[in-house]
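The structure appears right after this line, and notes come after that.
We use all heavy atoms of the structure for the numbers below, so side chains are in, but hydrogens, waters and symmetry mates are not. Heads up: numbering here begins at 1 and tracks the sequence.
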Amino acid sequence: KEGGGVVIHSRDKAGSGVETIKGVIRMAYTTDQVARVMTDLPNQKHFVPHMKSIRVLKQEKLASGRIKQLLHQVNALPVLKDRDVVLEAVTWSKPSAPAPVWRSTFKAVNRAGPAAHADRVRIRKLSGSWKIAPTRDGKGSVVTYVCHTEVGGTVPDFVAEMGQVGAIFDMLKNLRARCRELYSAR
């Protein structure tokens, strides 16, 4: 899928009926500006489709300077039962010319967080990453999002995959719109 400056690709994932989805978008905002929007967890609802809530359960700064968080996210999906996931995310920046590169990796962790809720389906298989790299002049950024999610329940894989492609496409467009809203008025 491609449009509005967003390009979506997919590739098979061994042992899964759902493909790994990759989305890329170029933005006229610095890596630090985009990272500020992405790491402002309470306000991710402004760009992440279907996000009902996200909560930081635990946060620690690792010896490497990276930030490790345990998160609980609830998504309200159209027509389907709500989904929730407990995520372990590690976020960091690395100095680079002409601007820092920001990265975040995340995965579902089933051993931690609140117990599964009867009114939701727990997502048990989810992993991915964000990368925010500078454009050559450092005045903009290229954002890459990669994710593999098995949404659980009785949703056929091809239906889940179509929904994920659309959600990732919308999320990247919404992220750019959120950056525009926060930074273009300045």
Side-chain angles (χ1 to χ4, degrees), residues 1-14 19-51 54-73 85-109 125-149 164-186:
K1 184 172 184 172
E2 188 172 340
V6 178
V7 178
I8 302 288
H9 302 279
S10 62
R11 67 176 186 268
D12 289 339
K13 168 113 175 151
E19 294 181 325
T20 297
I21 312 296
K22 176 181 179 179
V24 180
I25 187 171
R26 291 179 155 276
M27 293 195 214
Y29 305 97
T30 68
T31 58
D32 285 337
Q33 287 175 317
V34 177
R36 271 194 298 278
V37 172
M38 288 179 44
T39 58
D40 180 11
L41 296 178
N43 285 302
Q44 282 188 352
K45 64 183 178 266
H46 293 290
F47 68 91
V48 177
H50 315 301
M51 180 186 282
I54 189 165
R55 215 167 30 112
V56 178
L57 304 174
K58 183 178 176 185
Q59 180 170 309
E60 65 180 300
K61 187 171 185 175
L62 304 176
S64 63
R66 296 176 180 198
I67 303 296
K68 181 178 178 181
Q69 295 176 308
L70 185 66
L71 308 166
H72 181 243
Q73 181 175 328
V85 62
V86 178
L87 293 169
E88 180 181 274
V90 179
T91 304
W92 68 99
S93 68
K94 180 179 174 183
S96 177
V101 173
W102 283 84
R103 292 182 180 269
S104 183
T105 59
F106 52 89
K107 64 182 177 183
V109 288
K125 293 184 180 180
L126 183 149
S127 61
S129 64
W130 284 96
K131 179 181 178 185
I132 312 166
T135 55
R136 288 182 191 226
D137 64 5
K139 295 178 182 174
S141 58
V142 179
V143 178
T144 305
Y145 177 78
V146 179
C147 190
H148 179 264
T149 307
Q164 290 171 31
V165 166
I168 291 170
F169 184 85
D170 290 345
M171 178 178 64
L172 292 172
K173 285 181 19 182
N174 295 346
L175 175 60
R176 181 179 51 211
R178 181 69 175 157
C179 287
R180 186 179 302 127
E181 177 185 326
L182 294 172
Y183 301 121
S184 293
R186 293 182 179 177

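The CZ atom of Arg36 sits 13.0 Å away from the CZ atom of Arg178 when rounded to the nearest 0.5 Å. Here CG of Leu182 is found 9.0 Å from OH of Tyr29. Values are rounded to the nearest 0.5 Å. Atom OG1 of Thr144 sits about 9.0 Å away from atom CG of Leu172, to the nearest 0.5 Å. Of the inter-residue distances, the one linking Lys58 atom NZ with Lys68 atom NZ reads 7.0 Å to the nearest 0.5 angstrom. Annotation: the span from Glu60 atom CD to Ile67 atom CD1 amounts to 9.0 Å, rounded to 0.5 Å. Expressed to the nearest 0.5 Å, how far OG1 of Thr149 lies from NZ of Lys125 amounts to 12.0 Å.
Contact between Ser141 and Ile132 at its shortest, heavy atoms only, is CB-CG2, 3.9 Å. In terms of heavy atoms, Cys179 sits closest to Val37 at SG-CG2, 3.9 Å. Across all their heavy atoms, Met27 and Ile25 have their closest contact at CE-CG2, 3.7 Å. The shortest non-hydrogen separation linking Asp137 to Pro98 is C-CG, 3.8 Å. Considering all non-hydrogen atoms of both residues, Met38 and Gln44 come closest at O-NE2, 2.7 Å. Annotation for Ala108 and Leu87: closest pair N-CD2, 4.0 Å, computed over non-hydrogen atoms.
Side chains of His46 and Asp40 form no contact here, defined as non-hydrogen atoms less than 4.5 Å apart. Between Asp32 and Pro100 the shortest side-chain heavy-atom distance falls below 4.5 Å. Counting heavy atoms from C-beta on, the side chains of Val101 and Pro134 come closer than 4.5 Å. Taking the side chain as every heavy atom from C-beta outward, Thr91 and Phe106 never approach each other to under 4.5 Å. Ile21 has its side chain within reach of Ser10: a pair of non-hydrogen atoms, C-beta onward, lies under 4.5 Å apart. At least one side-chain heavy atom of His9 sits less than 4.5 Å from a side-chain heavy atom of Val7.
Screening Tyr145, Trp130, Trp92 for a side-chain contact (heavy atoms from CB on, under 4.5 Å) involving Ser104 leaves a single residue, Trp130.
Listed for the Arg176 side chain is no donor-acceptor partner under 3.5 Å among the backbone atoms of Val6.
Annotation: Lys139, atom NZ; neighbour count of heavy atoms from other residues, nucleotides and ligands within 6.0 Å does not exceed 12.
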